[in-house]
Amino acid sequence: MTTESQTNASVSKTHTINIGNRLKSKRLELEFDERYVATALKIPIDQVRALEANDFKYFRSVTFARGFLKSYCRLLGIEHTEMLHAFDSSRDVAESTIKPVDKVNKQTHLGDPIVVFISVVIVAVLVFLVFWWPSQSATVALEEQQIEASESASMVEPNMEALQTPDEPTVSPEASTDLPTSTSENEAELGDSDVSSSTSDLGVSDIKEQAVESPSVPTSSVVTGLSAETMAILEEAGVRPEDVIRATAEVPSTPAPTVPSYTDEVEVAFSADCWTEVRDATGKILFSGVKTAGSNLSLTGKAPYRIVFGYARGVSSLKFKGEVFDFSSSIRNDLARFELK
């Protein structure tokens with residue numbers, strides 16, 4: 001009986017504790033403002049206000065609310081055990097109002113008409129898919145093959161007719177006997193003229209090819225990198241060998257690589273105290289902590305970067321690869337979460 005009365009007394013005592021009022025009064029006693037508490041706990045100001053207003057449903061889960069309450073008590077120097085007991089007791093009272101459901105619906109048996117009807121429909125669909133659908137698809141495939149065969153046959157017939165009646169030139173026996181004589185005479189008459197014209201019309205590009213394809217000669221007879229035969233051909237064509245060597249030695253210049261105008265990929269300037277966290281693509285934390293007003297942050301890692309600002313209004317400017325980045329669309333209750341790609 002004594003134990004029961006002590007337990008009831010402790011429970012009633014925890015119920016009388018107003019968690020939010022006690023946190024707020026202690027904070028005011030220590031002359032801490034909400035911004036300082038939010039920065040120290042690394043949480044938004046709205047969550048600090050929710051703790052002081054006993055609005056624990058504002059948090060995503062009970063675990064988050066309990067953890068932030070414990071951290072808040074440690075910051076203010078309050079014994080967190082009593083506060084957590086009061087928090088757990090309020091949760092137990094809220095959960096005890098849920099009534100158990102004793103009514104259980106009757107389970108469906110295999111003999112019910114609905115179950116039998118559904119089973120028959122499923123069997124009919126399976127029979128349709130197994131037997132009728134493959135035969136129908138095979139018939140369609142056979143029709144497509146027949147159509148393709150008829151089209152290919154219609155395309156081949158005109159080609160065969162054209163091959164059967166070629167236009168071949170007819171040559172009389174007399175003309176065929178005269179061809180060798182006339183050919184030999186023409187070759188004898190045009191022999192010298194062809195040689196002189198080929199030498200005079202020789203261009204720089206043909207000379208380069210002859211210089212590459214010409215057989216190697218001893219190094220003692222090579223003066224300018226070209227063979228003696230090539231140099232003779234160049235002189236007859238009126239081309240200077242030095243110009244050919246200079247043209248073949250020219251190498252196109254490669255453009256110099258462009259140097260970026262920025263030093264670090266991420267550059268942040270702060271106008272107020274702001275908790276900041278930056279991670280790169282590998283998950284490595286490049287920076288995590290509070291940046292004071294008037295300070296700057298410059299980082300370089302592996303993009304994309306995941307950035308979190310605890311107080312987004314404290315960021316005066318953000319540059320990514322030398323260009324200003326606008327993250328205003330990612331701000332929720334002064335908290336900004338976004339990626340830089």
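Predicted, not measured: the structure shown is a model, and the values here were computed from it. All residue numbers refer to positions in the sequence shown, counting from 1.
Closest approach of Lys42 and Trp275 over heavy atoms only: CD-NE1, 3.0 Å. Closest approach of His80 to Cys73, counting heavy atoms only: CB-CB, 3.7 Å. In terms of heavy-atom proximity, Phe32 sits nearest to Leu75 at CE1-O, 4.4 Å. Between Asp264 and Ser298, the shortest heavy-atom distance links the atoms OD2-CB, 3.2 Å. Closest approach of Ser329 to Arg332, counting heavy atoms only: O-NH1, 3.1 Å. Smallest separation of non-hydrogen atoms from Cys274 and Tyr311: SG-O, 3.2 Å.
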Verdict with supporting geometry, Ile307 and Val278, side chain to side chain contact (heavy atoms under 4.5 Å, CB included): CA-CA 5 Å; Ile307 299 179; Val278 182; 4.2 Å; yes
Verdict with reasoning, Leu23 to Met83, per side chain to side chain contact (heavy atoms under 4.5 Å, CB included): CA-CA 10 Å; Leu23 292 174; Met83 301 288 280; 4.0 Å; yes
Tyr72 vs Val48, side chain to side chain contact (heavy atoms under 4.5 Å, CB included): CA-CA, chis, key distance, verdict: CA-CA 9 Å; Tyr72 200 175; Val48 176; 4.1 Å; yes
Side chain to side chain contact (heavy atoms under 4.5 Å, CB included) assessment of Val266 paired with Phe287: CA-CA 11 Å; Val266 180; Phe287 179 82; over 6 Å; no
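Within the 3.5 Å criterion, the main-chain N or O of Ala269 finds a donor-acceptor partner in the side chain of Ser316. Looking only at distances, no side-chain donor or acceptor of Asn333 sits under 3.5 Å from a matching main-chain atom of Leu335. Asp273 places a side-chain N or O within donor-acceptor distance of the main-chain N or O of Ala293, the cut-off being under 3.5 Å.
No continuous path of hydrophobic side-chain contacts links Leu286 to Val290 [ILVMFWY only; heavy atoms under 4.5 Å]. The hydrophobic cluster containing Leu297 also contains Phe320, counting ILVMFWY residues as joined when their side-chain heavy atoms lie under 4.5 angstrom apart, directly or transitively. By the rule that hydrophobic residues join a cluster once side-chain heavy atoms approach within less than 4.5 Å of another member, Tyr58 and Phe68 end up as members of separate clusters. Note: the hydrophobic cluster containing Ile285 does not contain Val308 (ILVMFWY, side chain heavy atoms under 4.5 Å, direct or indirect links). The hydrophobic clustering, which links ILVMFWY residues whose side-chain heavy atoms are closer than 4.5 Å, places Val125 and Phe128 together.
Ring pair Phe309/Phe327 is tilted by interplanar angle, where 30° to 60° counts as tilted.
Here the NZ-NZ distance, from Lys321 to Lys319, works out to 16.0 Å after rounding to the nearest 0.5 Å. Residue Leu51 holds its CG atom at 6.0 Å from CD1 of Ile43, rounded to the nearest 0.5 Å. Atom CD of residue Glu31 and atom CD of residue Glu29 lie 9.5 Å apart, to the nearest 0.5 angstrom. Between the OH atom in Tyr305 and the OG1 atom in Thr300 there is a gap of 5.5 Å [rounded to 0.5 Å]. The line from CG of Leu28 to CG of Leu76 is 10.0 Å long, rounded to the nearest 0.5 Å.
In the displayed structure, Phe117 atom CZ is contacted under 6.0 Å by at most 12 heavy atoms of other residues, nucleotides or ligands. Surrounding CD of Glu79 are more than 12 heavy atoms belonging to other residues, nucleotides or ligands, all under 6.0 Å away. Atom CD1 of Ile114 has 12 or fewer neighbouring heavy atoms from other residues, nucleotides or ligands inside a 6.0 Å radius. At most 12 non-hydrogen atoms from other residues, nucleotides or ligands lie less than 6.0 angstrom from CZ of Phe64.
A salt bridge links Glu52 with Arg27: the closest approach of a Lys/Arg side-chain nitrogen to an acidic carboxylate oxygen falls below 4.0 angstrom.
Annotation: side chain to side chain contact (heavy atoms under 4.5 Å, CB included) contacts of Ser295 (sequence neighbours excluded): Phe270, Lys291, Thr292. Judged as a side chain to side chain contact (heavy atoms under 4.5 Å, CB included), and not counting sequence neighbours, the contacts of Ile45 are Glu34, Arg35, Ala38, Arg49.
Within the 4.5 Å cutoff, the side chain of Leu41 has heavy atoms near those of the Ser71 side chain. Residues Phe338 and Leu318 form a side-chain contact, since some pair of their non-hydrogen atoms from C-beta on lies under 4.5 Å apart.
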